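For reference, the structure is listed below as structure tokens.
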Amino acid sequence: QVQLVESGGGWVQAGGSLSLSCAASGSIFSINNMGWYRQAPGKQRELVAAITSGGRRNYADSVKGRFTISRDNAKNTVYLQMNSPRPEDTAVYYCNAGVVATSRSYLELWGQGTLVTVSS
């Protein structure tokens with residue numbers, strides 16, 4: 001069994017900083033893309049940032065220059081550093097990863113979600 005477990009999140013004041021992490025565990029052979037999505041109340045889930053196994057990054061325009069995604073392949077972990085968050089960044093943040101299990105089956109996995117609340 002392979003799963004993603006998120007940590008971090010919570011309350012932060014606008015202009016502050018907050019970090020999220022997401023660790024994959026289980027029978028993992030390799031991990032392809034990893035990323036963070038978010039879903040605000042009444043809105044669709046949207047991509048925040050993604051990173052390939054080689055370290056290529058992609059960001060939503062709304063977070064460019066403020067958020068940084070990184071990963072530690074040795075730890076099967078992806079991080080999201082949120083600097084200068086804004087109230088509109090308030091959402092449930094979900095980790096996502098494309099995992100090749102040791103059985104060689106491909107799994108697209110989601111974390112359980114963590115709430116980030118940004119106060120003005």
Side-chain angles (χ1 to χ4, degrees):
Q1 182 181 1
V2 183
Q3 62 179 353
L4 301 179
V5 178
E6 302 173 17
S7 59
W11 178 90
V12 63
Q13 197 163 9
S17 64
L18 193 69
S19 63
L20 307 178
S21 63
C22 172
S25 63
S27 301
I28 298 169
F29 176 75
S30 65
I31 303 178
N32 296 336
N33 291 358
M34 302 185 83
W36 291 94
Y37 289 72
R38 67 187 180 188
Q39 188 166 19
K43 295 188 176 181
Q44 289 188 331
R45 190 174 297 190
E46 63 176 0
L47 174 68
V48 176
I51 185 168
T52 67
S53 57
R56 181 172 295 182
R57 298 169 172 83
N58 181 43
Y59 295 96
D61 288 343
S62 60
V63 306
K64 282 182 181 177
R66 299 187 298 119
F67 292 7
T68 301
I69 189 171
S70 60
R71 64 189 283 175
D72 185 331
N73 291 331
K75 296 181 179 180
N76 292 331
T77 300
V78 63
Y79 306 93
L80 185 69
Q81 178 65 38
M82 305 170 61
N83 293 332
S84 300
R86 303 165 181 166
E88 53 264 39
D89 295 319
T90 294
V92 177
Y93 283 70
Y94 297 91
C95 173
N96 171 266
V99 176
V100 178
T102 52
S103 63
R104 297 304 190 268
S105 59
Y106 181 80
L107 308 169
E108 184 174 4
L109 300 177
W110 292 90
Q112 78 276 16
T114 185
L115 177 63
V116 173
T117 303
V118 184
S119 66
S120 57

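Only heavy atoms go into these numbers, but all of them, side chains included; no hydrogens, no water, no symmetry mates. Fair warning: this is a prediction, and the values are worked out from it, not measured in the lab.
The closest donor-acceptor contact from the side chain of Thr117 to the backbone of Thr90 lies at 3.5 Å or more, if one exists at all. Judged by distance alone, the side chain of Tyr79 and the main-chain N or O of Asp72 form no donor-acceptor pair under 3.5 Å.
For the residue pair Arg71/Asn73, the side-chain donor-acceptor check at 3.5 Å is satisfied.
When the side chains of ILVMFWY residues are joined at heavy-atom separations under 4.5 Å, either directly or via intervening members, Tyr94 and Val63 end up in two distinct hydrophobic clusters. In this structure, Val100 is not a member of the same hydrophobic cluster as Met34, with clusters built from ILVMFWY side-chain heavy atoms closer than 4.5 Å. Hydrophobic cluster membership differs between Val92 and Val48, with clusters built from Ile, Leu, Val, Met, Phe, Trp and Tyr side chains linked at under 4.5 angstrom.
Every ring-ring contact (aromatic ring centres under 6.0 Å, His included) that Trp110 has, sequence neighbours left out, goes to Tyr37.
Taken to the nearest 0.5 Å, the OG1 atom of Thr114 stands 14.0 Å off from the CZ atom of Arg38. Annotation: the span from Leu47 atom CG to Trp36 atom CH2 amounts to 12.5 Å, rounded to 0.5 Å. Considering OG of Ser19 and CZ of Phe67, their distance stands at 11.5 Å, rounded to 0.5 Å. To the nearest 0.5 Å, the span separating OG1 on Thr68 from CG on Leu80 amounts to 8.0 Å. Atoms CG and SG, on Asn96 and Cys22 in that order, are 8.5 Å from each other to the nearest 0.5 Å. Here Thr52 contributes atom OG1 and Arg57 contributes atom CZ; the two are 8.5 Å apart, rounded to the nearest 0.5 Å.
A salt bridge links Asp61 to Lys64: at least one charged side-chain nitrogen sits closer than 4.0 Å to a carboxylate oxygen.
Listed here is the closest heavy atom pair of Cys95 and Val78: SG-CG1, 3.8 Å. In plain terms, the two heavy atoms of Thr77 and Ala23 that are nearest each other are OG1-CB, 3.6 Å. Here the closest non-hydrogen pair linking Gly98 and Tyr106 is CA-OH, 3.2 Å. Nearest heavy-atom pair across Pro87 and Ala14 is CD-CB, 4.1 Å. Of all the heavy atoms in Leu4 and Ala24, the pair that sits closest is CD2-CB, 3.5 Å. Considering every non-hydrogen atom in both Arg66 and Ser84, the closest pair reads NH1-O, 2.9 Å.
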Steps toward side chain to side chain contact (heavy atoms under 4.5 Å, CB included) verdict (Ser119, Trp11):
CA-CA 7 Å; Ser119 66; Trp11 178 90; 2.9 Å; yes
Apply side chain to side chain contact (heavy atoms under 4.5 Å, CB included) to residues Glu6 and Leu20 and explain how you reach the verdict.
CA-CA 7 Å; Glu6 302 173 17; Leu20 307 178; over 6 Å; no
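Between Ile31 and Asn76 the shortest side-chain heavy-atom distance falls below 4.5 Å. Side-chain contact between Gln3 and Leu109: absent, with no pair of heavy atoms (C-beta onward) separated by less than 4.5 Å.
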